[in-house]
**Student:** 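Have a look at the structure that comes next, please.
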Amino acid sequence: MSTPFPFTAVVGQDDLRLALLLNAVSPAVGGVLVRGEKGTAKSTAVRALSALLPAVDVVAGCRFSCDPDSPDPSCPDGPHEPGAFETRPARMVELPVGASEDRLVGALDIERALAEGVKAFEPGLLADAHRGILYVDEVNLLHDHLVDLLLDAAAMGASYVEREGVSVRHAARFLLVGTMNPEEGELRPQLLDRFGLTVEVAASREPDQRVEVVRRRLAYDDDPAGFAARWADEEAALRARIAAARELLPRVRLGDAALRQIAATCAAFEVDGMRADIVMARTATALAAWAGRTDVLAEDVRQAALLALPHRRRRNPFDAPGLDEDKLDETLQEYAGPEDDDDPDPDPDPDPGPGTDGPGGGGGQPEPEDGGGQGGESAARPEQDRKDEQGGEPQPSGAGAGEQAAVGAAEPFRTKVLSVPGLGEGAAGRRSRARTEHGRTTGARRPRGALTKLHLAATVRAAAPHQRARGRSGPGLVVRRDDLRQATREGREGNLVLFVVDASGSMAARQRMSAVKGAVLSLLLDAYQRRDKVGLVTFRGSSAEVALPPTSSVDAAAVRLRSLPTGGRTPLAAGLLRAHEVLRVERLRDPARRPLLVVVTDGRATGGPEPVALAERAARLLAAEQVASVVVDCESGPVRLGLAGRLAGELGGTPVTLDELRADSIAGLVRDVQGTSRRAA
């Protein structure tokens, strides 16, 4: 067994360490979601935490880690007789991104259940993690149904497996820790809310701290056991402090004044539901126990808000998470109890922990070194730059000939559902029809590999003709492996939505480009909700560029769109050819994900020899690849040339005006993009 990196040897990352330790003190806090760029010790800190957790007593031979003092009465391995138990370290179980549902929740032996009526159950990762840590790296890349199962088990403290009338339940209480890189896509808001705390981590920009990180990592890699031995005393002290805080926790008093501050803070930041209030209360109580106190103070409430609210206050998928600390301090002061009134000017950044010499001593969200904070980049820019973004005068410098500054996007709206025709087999999502593991049952087939979804009626029909030959004598049905039938199901898949946006001079009128950006932003919001990958190609001047390669981060596409300048000629052919190349490469990387091409243009083509003919040839090339496409016609005014409609005809796609794109227009609410998918059924 490899030696983990010591938790106390992690440099910096005070908020991350504090959030993990609070969950170790009080698992009822609900886990931690760690957001940050790669290479910031997220996984290292989580793996190191398991060595600090107290050992657990388990019933000897129980695969579900039942507590011998209070065994689970519905344990599949039960009932347990009083007696033998064993002590083992708390486990840390990792859930791989590619795990199946059976691997997560466990699997029933359907053949034995049908033939013998026996609940033969093979435990999954949720059972292994009971009374330990369940670590999900890249949680934002898990399939949605797995995340739902995972968070439901974490909330209820139990896992349920239901298969064709056969059910198994077992306890599953664990410390849930997820890590993610926001650049690779976000979690849905309702899933974010299920994590108790969240922290943002980033690599330090301080050279001395970076030097220390490298020095410790090299020392650990050279001699893991020796490095761990040098930190053994600090690890033992921290382990003892966790145990002491756990023992103190039931005696911590959460007074009415602190409860009022918690409720007022959640109301002030307009968080949905009551989960935030409950998590803040539990976190503030754990903070007091961690500090060795039996009373919750205002500083505990403040630190709890900084950890429990940032991921819950997002009102729009494109808003950055964060908390206005000035507003937080004002709210806490307004609802301060009598014991806090003696201090007319409270410290706006109190120390949330017992000191600065251990994990949790820093507290709060670290101030960015450039003085920015949330939105600090905007505050640091000159006033003229901000005017340019909002549609003011063109930038006085840095713009090419004929180029105009970026304009703001109009208000987003709910769009029609654009879907790819046919039946795909891509990743689960919410856009186009597909064969999926979840959805309505449409038929049955012989299983390829392990049976996951039994089609009971088809299985019985397959086994029935052979009962006499198999010597059936009792009421049970004699079922063989060849009789089993897998249910085929139809659901929805996510697609690759590739936007090709015309940023030429013909689109540069302020109000017009603002409306176009608003429409694309609306489509991006729709793609976010339908779990699509997105990409962005823009063309203007003399060339086209990939503003954003295909990614699951719709936020990144929205940022690129906002800063998109306009001006110059209209190299439509270059834009279509660049889109063709992007789709060709992505088809090699992810062949099951079907593309949807969204071209946003007025249809004009200028620049170079025969620009219109070149654009038509490029469009026919995409049509030959059977790429489903839609052309958003941005032409306006009383006289219209209909060029976007002609382009849609060459692409074999569907023309849609900006007005028709709205879901509340008189046209149909659902529109399948014309053309035949290359993977259509």
Side-chain angles (χ1 to χ4, degrees), residues 33 35 95 97-101 104 136-152 178 180-195 311 314 316-319 321 412 414-440 489-499 520-536 548-558 561 583 586-587 589-598 628 630 663 670-673 677 679:
L33 176 64
R35 298 163 47 92
L95 174 63
V97 171
S100 65
E101 180 180 340
L104 176 64
V136 188
D137 195 12
E138 307 294 354
V139 64
N140 52 324
L141 301 183
L142 278 179
H143 288 306
D144 284 351
H145 73 281
L146 290 182
V147 179
D148 290 334
L149 290 170
L150 178 66
L151 296 180
D152 283 344
M180 59 176 283
N181 184 347
E183 294 179 355
E184 297 174 340
E186 286 284 1
L187 281 172
R188 304 198 312 268
Q190 59 268 40
L191 299 184
L192 283 171
D193 184 54
R194 301 297 289 272
F195 283 94
H311 60 305
R314 295 183 62 182
N316 185 298
F318 303 136
D319 291 340
R414 190 166 64 91
T415 67
K416 285 186 174 64
V417 180
L418 303 175
S419 59
V420 179
L423 196 62
E425 294 183 346
R430 298 181 177 182
R431 183 172 297 278
S432 305
R433 295 173 54 224
R435 299 183 185 91
T436 61
E437 288 294 319
H438 298 269
R440 63 185 182 90
R489 302 192 176 192
E490 182 178 311
R492 294 281 170 175
E493 67 176 359
N495 298 111
L496 166 60
V497 183
L498 181 62
F499 294 93
V520 178
L521 197 62
S522 303
L523 290 166
L524 283 172
L525 181 58
D526 182 68
Y528 169 84
Q529 295 168 341
R530 299 188 186 282
R531 313 303 289 168
D532 294 316
K533 291 180 71 174
V534 297
L536 179 62
L548 183 73
T551 175
S552 296
S553 178
V554 178
D555 289 1
L561 179 69
L583 294 178
E586 192 64 18
R587 192 176 299 127
R589 294 175 177 169
D590 191 357
R593 188 179 292 267
R594 298 187 295 165
L596 173 60
L597 183 69
V598 179
V630 59
V670 179
R671 182 190 294 263
D672 270 350
V673 178
S677 170
R679 279 179 294 275

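Nothing fancy with the numbering, it's 1 onward along the sequence.
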**Student:** Is there a side-chain contact between Leu496 and Leu583 in this structure, where contact means two heavy atoms from C-beta onward sitting under 4.5 Å apart?
**Tutor:**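 Result yes, sub-4.5 Å side-chain heavy-atom pair found.
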**Student:** Can you find a heavy atom in the side chain of Leu418 that is under 4.5 Å from one in the side chain of Leu596?
**Tutor:**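 SC-SC contact between Leu418 and Leu596 confirmed.
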**Student:** If you measure from the Lys or Arg side-chain nitrogens to the Asp or Glu carboxylate oxygens, is any gap between Asp526 and Arg431 under 4.0 Å?
**Tutor:**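 A salt bridge is present here (some side-chain N lies under 4.0 Å from a carboxylate O).
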**Student:** I need the Phe195 CZ to Met180 CE distance, nearest 0.5 Å.
**Tutor:**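 It comes to 9.0 Å.
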**Student:** If you take all heavy atoms of Leu423 and Ala434, which pair is closest and at what distance?
**Tutor:**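 Minimum heavy-atom contact is CD1-N, 3.5 Å.
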**Student:** Roughly how far, to the nearest 0.5 Å, is the CD atom of Glu493 from the CZ atom of Arg433?
**Tutor:**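 Output value for this atom pair is 10.5 Å.
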**Student:** Closest approach of Ala557 and Leu524, non-hydrogen atoms and distance?
**Tutor:**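 Scanning both residues completely, I find the closest heavy atoms to be CB-CD2, 3.7 Å.
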**Student:** I want to check something: taking the side chain as every heavy atom from C-beta on, are Lys533 and Glu586 in contact at a cut-off of under 4.5 Å?
**Tutor:**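 In short, these two side chains touch, coming nearer than 4.5 Å.
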**Student:** Find out whether Leu498 and Pro595 are in side-chain contact, i.e. whether some heavy atom of one side chain is under 4.5 Å from a heavy atom of the other.
**Tutor:**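 Contact flag for Leu498/Pro595 side chains = no.
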**Student:** How close do Val534 and Ser553 get, heavy atom to heavy atom, and via which atoms?
**Tutor:**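 Val534 and Ser553 have their closest heavy atoms at CG2-O, 4.3 Å.
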**Student:** Are the side chain of Arg530 and the backbone N or O of Arg430 linked by a donor-acceptor pair below 3.5 Å?
**Tutor:**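 The answer is yes, because a donor-acceptor pair under 3.5 Å joins these two groups.
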**Student:** Could you pull out all residues at least two apart from Glu425 that satisfy side-chain hydrogen bond (donor to acceptor under 3.5 Å, both in side chains)?
**Tutor:**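 side-chain hydrogen bond (donor to acceptor under 3.5 Å, both in side chains) list for Glu425, sorted by chain: Arg435.
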**Student:** Using side-chain heavy atoms (C-beta onward) and a distance below 4.5 Å, is Phe499 in contact with Leu548?
**Tutor:**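 In short, these two side chains do not touch, never coming nearer than 4.5 Å.
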**Student:** With rounding to the nearest 0.5 Å, note down the distance linking OG1 in Thr551 to CG in Leu536.
**Tutor:**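 Spacing of OG1 (Thr551) from CG (Leu536) equals 11.5 Å.
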**Student:** Are the side chain of His311 and the backbone N or O of Leu33 linked by a donor-acceptor pair below 3.5 Å?
**Tutor:**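 No; zero donor-acceptor contacts below 3.5 Å.
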**Student:** Which heavy atom of Ala558 sits nearest a heavy atom of Leu521, and at what distance?
**Tutor:**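 Nearest heavy atoms, Ala558 then Leu521: CB-CD1, 3.8 Å.
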**Student:** Give the minimum heavy-atom separation between Ala628 and Pro421, together with the two atoms involved.
**Tutor:**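 Between these two residues, the closest heavy atoms are CB-CD, 4.2 Å.
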**Student:** Looking only at non-hydrogen atoms, find the nearest pair between Ala427 and Arg593 and report the distance.
**Tutor:**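 Closest heavy-atom pair between Ala427 and Arg593: CB-NH2, 3.5 Å.
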**Student:** Is the backbone N or O of Asn495 less than 3.5 Å from a side-chain atom of Asp532, with the two atoms forming a donor-acceptor pair by type?
**Tutor:**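 Yes; at least one donor-acceptor contact below 3.5 Å.
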